[in-house]
Amino acid sequence: MKKPQPVRGTHDLLPGDARAHAAIVATAQGIAGRHGYHPIATPIFEFTDVFARTLGETSDVVTKEMYSFEDKGGDSLTLRPEGTASIARAFISGGLQQDLPLRFFMSGPMFRRERPQKGRQRQFHQIDAELIGVATPHADIEVIALADAVLDALGVKQDVSLELNTLGDTESREAYRGVLVEYLRDHVSELSDDSRDRLERNPLRVLDSKNQQDKQVVEGAPKSSDYLTAAASDFFGAVCEGLNDLGIAYNINTRMVRGLDYYCHTAFEFVTARLGAQGTVLAGGRYDGLIELMGGPSTPGIGWAAGIERLAMMVAAPPAPPRPIALVPVGGAAERRAMVMARDLRAAGLSIDIAYSGNLSRRMKRANKVNARAAIVFGDDELERGGVSLRDLDSGEQIEIKQDELEHRLAALV
RNA sequence: GUGGCUGUAGCUCAGUUGGUUAGAGCACCAGAUUGUGGAUCUGGGGGCCGGGGGUUCAAGUCCCCUCAGCCACCCCA
């Protein structure tokens with residue numbers, strides 16, 4: 001029979017990877033908790049509208065990357081491609097507007113049907129933080145500071161840099177978009193095919209094209225910062241000052257734009273050079289219009305998401321599993337006794353490994369293989385005396401102790 | 001979706017201009033050691049050479065298709 005394969009772009013988290021992922025989530029959740037961001041979990045699929053209407057009808061995510069299907073009841077459902085729209089929907093569905101401001105932490109799988117590469121799978125995992133209900137720059141500063149703290153706690157801060165930009169308010173965006181499109185149309189013959197397409201669908205995207213020709217055109221393009229309203233400009237200034245106060249370094253990158261329609265004002269990305277073309281490790285921004293767009297009360301929001309697979313590739317070493325204590329019974333009576341002993345020691349908080357087969361030598365080898373801290377060896381001799389042999393597997397020292405001393409002795413070892 | 005590179009044991013890889021029964025290291029299993037692990041030695045199990053088709057007396061090797069991974073683009077976390 002042919003070896004079964006996972007679906008393209010998906011992969012199993014085998015124990016080493018699973019541990020690394022869990023550790024990243026646990027670290028992030030701990031930091032988020034200190035900032036007042038507490039867990040929320042939304043369904044993995046939603047009505048297609050939740051994403052189609054909010055991410056932008058022309059965005060790549062909506063037009064070609066969503067896993068959408070018709071439910072047996074006739075509804076169009078979609079596996080979530082990102083978390084923010086789901087959380088906004090949950091906020092509205094749950095009638096949470098009276099509890100503002102709200103801070104949420106979420107983690108879980110997301111789905112986008114892209115061509116797989118390293119750091120880019122069709123099912124991938126994100127951690128996500130959202131702050132809903134704070135309209136002032138405090139929110140932007142807090143959310144970025146949280147991101148910074150999480151990356152620091154994961155030990156990857158020295159490998160990333162923060163790119164910062166403002167998309168302005170609606171008025172600023174409309175004004176800038178107008179002059180940009182006008183400029184680009186004048187230079188359309190110099191643009192790449194991709195950018196001509198972008199010009200129709202999402203003109204701001206031309207700004208961060210990697211094509212050399214496009215870059216030259218962009219050099220001479222009008223700058224978004226010149227078209228900000230006074231209010232939008234002041235808002236961004238306050239965000240920058242707040243980051244300065246916290247000593248968080250950033251580069252203002254006026255060519256950085258967002259792929260999803262609902263963003264406004266502050267946009268930010270933590271990027272790295274260590275992951276090839278998938279340089280974005282954590283990204284987010286403000287989405288003041290999103291909740292109203294979805295039919296909820298006009299409510300500001302800001303948040304970010306980070307790819308766990310990408311973080312995992314940067315985190316130095318996955319944490320080692322705890323070292324167990326190995327039980328090594330000799331003989332049938334001892335084997336039966338081992339099950340009871342294991343339950344009691346586990347109940348006392350110890351990690352216990354038992355090999356169910358093999359002679360003493362084999363079981364000792366297994367103890368070594370699972371990196372046990374110590375082995376408890378016992379057969380008829382010891383049991384008659386009410387004792388066990390306790391062998392320190394690091395030093396090789398072995399002593400016989402009373403069974404009722406075990407818990408105490410082992411606690412001192414691990 | 002576009003272009004390119006690569007698929008040989010669980011892992012990392014050899015495999016000559018096409019030529020007997022496809023190899024190594026590590027890992028795994030067992031024995032040397034029937035109450036003592038790591039080291040050593042000995043032996044063993046493991047491969048539709050990614051899959052399918054073609055050329056040939058003969059294909060791991062050449063050609064085509066396909067699947068998957070990787071790299072870049074696109075896009076994005």
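Order of the sequence lines sets the chain letters (A, B, ...), proteins ahead of strands, with each chain counted from 1.
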- Task: Would you please name every residue forming a side-chain hydrogen bond (donor to acceptor under 3.5 Å, both in side chains) with A:E114, sequence neighbours left out?
- Result: none
- Task: For B:rA22 versus B:rG47, give the span between their P atoms, rounded off to a whole number of Å.
- Result: 12 Å
- Message: Listing request: all ring pair (Phe, Tyr, Trp, His ring centres under 6.0 Å) pairs with a residue in residues 142-168 of chain A, at least two apart in sequence or in separate chains.
- Response: none
- Note on the structure: Rounded to whole Å, the CE-C1' distance (A:M314 to B:rA77) equals 13 Å
- Task: For A:D128, answer base if it contacts any base atom (sugar-phosphate contacts may also be present), sugar-phosphate if it contacts only those atoms, and nothing otherwise; contact means non-hydrogen atoms under 4.0 Å.
- Result: nothing
- Item | Test ring-ring contact (aromatic ring centres under 6.0 Å, His included) applied to A:H35 - qualifying residues, sequence neighbours left out | none
- Item | C1' atoms of B:rC28 and B:rC48, separation to the nearest Å | 23 Å
- Note on the structure: In whole angstroms, the gap separating P of B:rC74 from CG of A:N202 amounts to 14 Å
- Where at least one partner belongs to residues 9-30 of chain A, residue pairs that pass ring pair (Phe, Tyr, Trp, His ring centres under 6.0 Å), sequence neighbours excluded: A:H21-A:H125
- Query: Can you tell me if the side-chain N/O atoms of A:R198 get under 4.0 Å from OP1 or OP2 in B:rC75?
  - Reply: yes
- Query: From the list B:rA77, B:rG35, B:rC74, which nucleotide is the closest neighbour of the side chain of A:K64?
  - Reply: B:rC74
- Note on the structure: Partner of A:L164 under side chain to side chain contact (heavy atoms under 4.5 Å, CB included), picked from A:T254, A:L243, A:N253, A:I248, is A:L243
- Message: Strictly under 4.0 angstrom, non-hydrogen atoms only: write out the protein contact profile of nucleotides 36-47 of chain B, one letter per nucleotide from the 5' end, B, S or -.
- Response: BBB---------
- Message: Checking A:A139 now: which residues fulfil side-chain contact (heavy atoms from CB on, under 4.5 Å) with it, not counting sequence neighbours?
- Response: A:L131, A:V134, A:R286, A:I302
Scan nucleotides 68-72 of chain B against the protein and return all N/O pairs shorter than 3.5 Å with their distances rounded to 0.1 Å.
residue : atom : partner : partner atom : Å
B:rG69  : OP1  : A:G9    : N            : 3.2
B:rG69  : OP2  : A:R8    : NH1          : 2.9
B:rC71  : OP2  : A:K118  : N            : 2.6
B:rA72  : OP1  : A:A277  : N            : 3.2
B:rA72  : OP2  : A:Q117  : NE2          : 3.1

- Task: Using atom CD of A:Q123 as one end and atom P of B:rA77 as the other, report the distance to the nearest whole Å.
- Result: 17 Å
- Message: When the C1' atoms of B:rC70 and B:rU55 are compared, how many Å lie between them, rounded to an integer?
- Response: 30 Å
- Item | Gap between atoms CG and P, on A:L207 and B:rC76 respectively (whole Å) | 13 Å
- Task: For A:F236 and A:H265, run ring pair (Phe, Tyr, Trp, His ring centres under 6.0 Å): C-alpha distance rounded to whole Å, both residues' side-chain angles, the deciding distance at 0.1 Å, then the answer.
- Result: CA-CA 7 Å; A:F236 189 56; A:H265 284 291; 9.2 Å; no
- Note on the structure: Rounded to whole Å, CG of A:L204 lies from P of B:rC75 at a distance of 12 Å
- Message: Tell me which one of A:D392, A:L350, A:L393 satisfies side chain to side chain contact (heavy atoms under 4.5 Å, CB included) with A:R373.
- Response: A:D392
- Query: When you compare B:rA77 with B:rU2, how far apart are their C1' atoms, in angstrom units rounded to a whole number?
  - Reply: 23 Å
- Task: Quote, to the nearest angstrom, the C1' distance that separates B:rC13 from B:rA32.
- Result: 31 Å
- Query: Using atom P of each nucleotide, how far apart are B:rU12 and B:rC75 to the nearest Å?
  - Reply: 33 Å
- Task: Quick one: stems involving RNA chain B, counted as three or more successive Watson-Crick or G-U pairs, both distances short of 3.5 Å.
- Result: B:1-7 with B:67-73, B:10-13 with B:23-26, B:28-32 with B:40-44, B:50-54 with B:62-66
- Message: Could you tell me how far apart A:M313 (CE) and B:rA77 (C1') are, to the nearest whole angstrom?
- Response: 10 Å
- Residue pairs passing the ring pair (Phe, Tyr, Trp, His ring centres under 6.0 Å) test with at least one member in residues 39-62 of chain A, sequence neighbours excluded, are none
- Spacing of the C1' atoms in B:rA72 and B:rU56 (rounded, Å): 38 Å
- NA contact type, A:A367, heavy-atom cut-off 4.0 Å: base, sugar-phosphate, or nothing? nothing
- Item | Counterpart residues, side-chain contact (heavy atoms from CB on, under 4.5 Å), relative to A:S161 (two or more places apart) | A:E163, A:N251, A:V271
- Query: Do any pairs count as a salt bridge (Lys or Arg N to Asp or Glu O under 4.0 Å) and have a residue in residues 124-134 of chain A, sequence neighbours left out, and if so which ones?
  - Reply: none
- Task: Please find out if less than 6.0 Å separates the ring center of A:F105 from that of A:H38.
- Result: no
- Query: Atom CG of A:D193 and atom C1' of B:rG1: how far apart are they, to the nearest Å?
  - Reply: 14 Å
- Query: Residues in side-chain contact (heavy atoms from CB on, under 4.5 Å) with A:D71, at least two apart?
  - Reply: A:D75, A:L77
- Message: With nearest nucleotide decided by heavy atoms, which residue, A:T280 or A:S209, maps closer to the 5′ end of RNA chain B?
- Response: A:S209
- Give the rounded distance in Å between these two atoms: CG of A:D194 and C1' of B:rG1. 11 Å
- Task: Considering only atom C1', compute the distance from B:rA59 to B:rG51 and round it to an integer number of Å.
- Result: 16 Å
